[in-house]
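Here's the structure, in structure tokens; my notes come after.
Given the structure is predicted, the values throughout are model-derived calculations rather than measurements.
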Amino acid sequence: APHEWEAELARLGGMAPHEWEEEAWRDELASTLWAVRSTCLEMRRIIRSISSSSGVAIEPPAQTLLLDATMAQRGVLMAVVPGAGGADALIALILPSAARGLADTRQRVGAVWRGWASDTRPPVCELPVRESKAQAARHNGLQLEGPQAEAMLRRGGPPPPRPEH
């Protein structure tokens, strides 16, 4: 049943990633999540090897640190550098958690990203998206979440501060 599957996904999404491996021998969904995550980690290792051999930083060391910190969070299935690198973007696929769904996972990842900036590391700005269910609405498969995210994309910068009430 769909509801049971969603509940199981949320249960696993609330776990630390290494716990999926421990669950994998008795839980098909945990086994699948662990396989996807392991494949992502292997893919990143291969990309770093290609980067090193070619002299082109597809996943630069600074981004490796951010990706690893992101993937260490409960509910993060994978985090990768999209495209050909450039040290200007990453993608994180997250899972809901049992307590508050995607909000908990996004809050954990957001806390890592908001605290990332330092004298040697640039700030990280979240651009939340979700799958677009509209077939004929001319979406490219992604839909921005909320007017602030849309405004941020149009401006090319972080959203303005929210007014205090």
Legend entry - Residue pair E8 / E4, side-chain heavy-atom distance below 4.5 Å: no

Legend entry - From C40 atom SG to M71 atom CE, the distance as rounded to the nearest 0.5 Å: 4.0 Å

Inset, instruction - Quick one: list whatever passes side chain to side chain donor-acceptor pair (under 3.5 Å) with Q73, sequence neighbours left out. - result: none

Legend entry - Worked verdict on L9 versus L33 for side chain to side chain contact (heavy atoms under 4.5 Å, CB included): CA-CA 9 Å; L9 186 63; L33 294 176; 4.3 Å; yes

Legend entry - salt bridge (charged side-chain N to carboxylate O under 4.0 Å, His left out) evaluation trace for R106 with E126: CA-CA 10 Å; R106 285 182 59 187; E126 177 186 15; 3.2 Å; yes

Legend entry - Audit row: L12, W34, side chain to side chain contact (heavy atoms under 4.5 Å, CB included) steps and yes/no: CA-CA 10 Å; L12 293 165; W34 184 252; over 6 Å; no

Inset, instruction - Give a yes or no on whether a salt bridge exists between R11 and E23, defined as a side-chain N under 4.0 angstrom from a carboxylate O. - result: yes

Inset, instruction - Would you give the length of the straight line joining atom CD of E21 to atom OG of S38, rounded to the nearest 0.5 angstrom? - result: 7.0 Å

Legend entry - Between W25 and S31: side-chain donor-acceptor atoms closer than 3.5 Å: no

Legend entry - Under 3.5 Å: donor-acceptor pair, side chain of R74, backbone of M15: no

Legend entry - From CH2 (W20) to CG (L29), nearest 0.5 Å: 9.0 Å

Legend entry - CD (E28) with more than 12 external heavy atoms under 6.0 Å: no

Inset, instruction - Measure the OG1-CG distance between T105 and L77 for me, rounded to the nearest 0.5 Å. - result: 11.0 Å

Inset, instruction - Using a 4.5 Å cut-off on heavy atoms from C-beta on, say whether the side chain of L65 contacts that of W116. - result: yes

Inset, instruction - Determine, using the 4.5 Å side-chain heavy-atom cutoff (strictly less than), whether M78 and I46 are members of one ILVMFWY cluster. - result: yes

Inset, instruction - Decide yes or no on side chain to side chain contact (heavy atoms under 4.5 Å, CB included) for W113 and T70, but give the supporting numbers first. - result: CA-CA 8 Å; W113 290 358; T70 301; 2.8 Å; yes

Legend entry - Non-hydrogen side-chain atoms of V80 and L90 separated by less than 4.5 Å: no

Inset, instruction - State whether the side chain of Q63 and the backbone N or O of A89 hold a donor-acceptor pair below 3.5 Å, judged by distance alone. - result: yes

Inset, instruction - Would you give the length of the straight line joining atom CZ of R44 to atom CD of E42, rounded to the nearest 0.5 angstrom? - result: 11.5 Å

Inset, instruction - List the atom of I94, the atom of V109, and the distance in Å for their closest heavy-atom pair. - result: CG2-CG2, 4.4 Å

Inset, instruction - May I ask you to decide if R45's main-chain N or O and S49's side chain share a donor-acceptor pair within less than 3.5 Å? - result: no

Inset, instruction - Measure across P123 and A117 and return the closest heavy-atom pair with its distance rounded to 0.1 Å. - result: CA-CB, 3.7 Å

Legend entry - From OG1 (T64) to CD (E59), nearest 0.5 Å: 3.5 Å

Inset, instruction - Look at the side chain of S51 and the backbone N and O of I58, then say whether any donor-acceptor pair between them is shorter than 3.5 Å. - result: yes

